[in-house]
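Since the structure is predicted, the reported quantities are computational estimates derived from the model, not experimental observations. Chain identifiers are assigned alphabetically (A, B, ...) following the order of the sequence lines, protein sequences preceding nucleic acid strands; residue numbering begins at 1 within each chain. Computation of the quantities below employed the complete heavy-atom set of this structure, encompassing side-chain atoms and omitting hydrogens, waters and symmetry-equivalent molecules.
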Amino acid sequence: MVTKIGKRRTYVVAGFLKVLSEINCIIFTTKKIFPYLSYLRLDQMPDIFALVDCNNFYVSCEKIFKPGLENKPVVVLSNNDGCIIARSDESKNLGIKMGIPVFEISQIIKKNKVHVFSTNYALYGDISERVMNLLSEMAPEIEIYSIDEAFLDLSHIPQTELNETGRKIIEKIKMFTGIPVSIGFGPTKTLAKAANMLAKTSKKNQGVFSLVNNPDAEKIFNKIKINEIWGIGEKYMAFFNRTGIMSAYDLQHANENRIRERLGIVGQRLVLELRGTVCYPLNQNPDVKKEICTSRSFGHPVTSLEELEEATASYVAKAAQKLRKQKSMANSLMLFIMTNKYAKGPQYVNYRIVKMPSPTNQTQELIHFAQIALKRLFRKGYYYKKAGVIVSDVAPSNQVQTSIWEPSTREKNQSILKAVDAINAKTGKEQVKFAIQGNEETWKMRQHNLSPQYTTRWRDILEVNMDH
DNA sequence: TCTGGGGTCCTAGGACCC
DNA sequence: TCTGGGGTCCTAGGACCC
């Protein structure tokens, strides 16, 4: 009798899967006719997602090479030494909030001897790569989601071994890179994210938490506040609070169709993911960017066209180099300049979009178009604070349509730029650049507390004194 | 008197993320 | 004195086509 039921079950499950795969085909062909079905993505759905997140990543990177910072309050600042963008636990306990301008808490910093670092992307980027390489070895599929986070497909791990696997991963990352990480498991990305938050917030979880068939799910979801859920920001929170949806539990049991009416497909996916239905599969090659932005605030207010020309040319050069690195070309370029929105003086914000005659990734050409845009944008008599360039409509170089308007100098310039990129990559900075980028860099951002590039520049590598 | 209907593509802006 | 930077996806509406 028992075996019969067992067999029958298997049959039922197999039949269900078959139906599912058929639905899958139908959905792909009819998605356009029934867009409301588009939340269903039945291709490659892992059963168990893990989210690995580095704890206080930038601060942890600084700590690797300065063991004396252990148990001390540490913060890392944004570009231009403007805002707090990373905090050690000790700094969090001092009440230092994420994202606030550093001058607002100068008293707290002084009084508690908080260690302050300028942002050091060269270092963080390199450490990140090491962490991600290790993670790739430990899972069949991985999606690098940000500089300090990755989703793993751990469907092959038995549920009973999840916690142990999590602890092993933590140990390995710590041992090989010195970076502490936390891990959350869940049947969807949204739930893995939530589990990760719980892994971090409770000491007794020791950095690992699973929401895969968790028997206390109801109690746990009741405690998760609506704004703690991945994908819910200020506006959505306001909407949910108005409708009386305050916790993850409330949202799980909300009327899906009503949410869909008000928040569209994004809202509906939130509900489904919380219920355990995968709407966001693992995305394994998100690397090629669709647009590339380079923008900076200036260290000092800028008034002259010449300085703006230098600064924007430098930003364009960076963007062009990123384009070449991912083997892409851009069809369109956007340039913007703005005054300091916090200052009292007259304000000016403007942008200009240039459609280029043929797609390119050559610095010279892009600078040329940016300069045209800048001359049209520029107004005398303002104190400019920030400028930036965004190249968009990006396509792979080998798929680009050639045009009869293509400059005849392309090929020659291509080899020049190749050499420039090679030299600059080797020295780790802009050793070779275009004359218009200037040399003074009077506009350059402030970075008063920059740590050395321990892992990416020869002269910054630590020396160990064997005498002690 | 009376003026279609269905579709695609593009873009700007909004919302979110780290 | 001082207030970051770099992305993605979705949607509504306009332009355009037949």
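Nearest nucleotide to the side chain of A:K289, out of C:dT3, B:dT11, C:dG7: C:dG7. For A:N79, counting side-chain heavy atoms from C-beta on, the closest listed nucleotide (C:dG4, C:dG6, C:dC10) is C:dG4. Between C:dC10, B:dC18, C:dG4, one nucleotide has an atom nearer to the side chain of A:E149 than all others, and that is B:dC18. Closest contact between the side chain of A:I85 and the listed nucleotides B:dC18, C:dT3, C:dG4 involves C:dG4. Of the candidate nucleotides C:dC9, C:dG6, C:dT8, C:dC9 has the atom lying nearest to any side-chain atom of A:R269. Checked against B:dC18, C:dG5, C:dG4, the side chain of A:K386 finds its nearest nucleotide in C:dG5. Side-chain proximity of A:S146 to the nucleotides C:dC2, C:dG5, B:dC18 is greatest for B:dC18. Of all nucleotides listed (B:dC16, C:dT8, C:dG6), B:dC16 comes nearest to the side chain of A:Y236. Picking from C:dG7, B:dC17, C:dC9 the nucleotide with the shortest atom distance to the side chain of A:Y145 gives B:dC17. Which of C:dG6, B:dC18, C:dG4 sits closest to the side chain of A:K322 comes down to C:dG6.
When rounded to the nearest whole Å, the span between CD of A:E234 and P of B:dC17 equals 11 Å. The distance between atom CD1 of A:I232 and atom P of B:dA15, rounded to the nearest whole Å, is 15 Å. A:D148 places its CG atom 19 Å from the P atom of C:dG5, with the value rounded to the nearest Å. Taking atom OH of residue A:Y280 and atom C1' of nucleotide B:dC16, one finds them 10 Å apart after rounding to whole Å. Across the protein-nucleic acid pair, A:L263 atom CG and C:dT11 atom P stand 11 Å apart, rounded to whole Å. Atom CD in A:E104 sits about 11 Å away from atom P in C:dG4, given to the nearest Å. In this entry the distance linking NZ of A:K444 with P of C:dG5 reads 13 Å, nearest Å. For the pair A:F151 CZ and C:dT8 C1', the computed distance is 14 Å after rounding to whole Å.
Taking a 6.0 Å sphere around CD of A:E171, one finds it holds 12 or fewer heavy atoms contributed by other residues, nucleotides or ligands. Atom NZ of A:K92 is surrounded by more than 12 heavy atoms from other residues, nucleotides or ligands within 6.0 Å.
Using cut-offs of 30° and 60° on the angle between ring planes, the pair A:Y384 and A:F378 is tilted.
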Next item on the list: Decide ring-ring contact (aromatic ring centres under 6.0 Å, His included) for A:Y145 and A:W230; before the verdict, give the C-alpha distance in whole Å, the side-chain angles of both, and the deciding distance to 0.1 Å.
Entry: CA-CA 13 Å; A:Y145 179 69; A:W230 188 44; 5.6 Å; yes
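Put simply, A:R296 has a side-chain N or O that comes within less than 4.0 Å of OP1 or OP2 on C:dG6. Side-chain N/O atoms of A:K355 include one lying less than 4.0 angstrom from OP1 or OP2 on B:dT11. Under 4.0 angstrom from either OP1 or OP2 of C:dG5 there lies no side-chain N or O belonging to A:K318. For A:K385, a side-chain nitrogen or oxygen approaches OP1 or OP2 of C:dT3 to under 4.0 Å. For C:dT1, neither phosphate oxygen OP1 nor OP2 lies less than 4.0 angstrom from any side-chain nitrogen or oxygen of A:R446. One finds a side-chain N or O of A:S297 lying less than 4.0 angstrom from the OP1 or OP2 phosphate oxygen of C:dG5.
Atom name P, nucleotides C:dC17 and B:dT3: the rounded distance is 24 Å, in whole Å. Between C:dC18 and B:dC2, the two C1' atoms lie 23 Å apart (nearest whole Å).
Judged by distance alone, with hydrogens and angles left aside, the side-chain atoms of A:R296 form no donor-acceptor pair with the main-chain N or O of A:K444 at under 3.5 Å. With hydrogens and angles ignored, the 3.5 Å screen pairs no side-chain donor or acceptor of A:N227 with any backbone N or O of A:I232. No side-chain donor-acceptor contact under 3.5 Å links A:E273 to the backbone of A:T188.
Across all strands, A:S106 comes closer than 4.0 Å to no nucleic acid atom at all (heavy-atom distances). A:I292 comes within 4.0 angstrom of the backbone, heavy atoms only, and of no base.
Mapping A:C83 and A:K290 onto DNA chain C by nearest heavy atom places A:C83 closer to the 5' end of the strand. Along DNA chain C, the nucleotide nearest to A:G264 and the one nearest to A:S295 differ in position, and the one closer to the 5' end is contacted by A:S295.
With a 4.5 Å cut-off on side-chain heavy atoms, A:F57 and A:I127 count as touching.
A salt bridge links A:E149 and A:K193; the closest N-O separation between the charged side-chain nitrogens and carboxylate oxygens is under 4.0 Å.
Stretches of at least 3 consecutive Watson-Crick or G-U wobble pairs, with each checked distance under 3.5 Å, appear in DNA chain C as B:5-18 with C:5-18.
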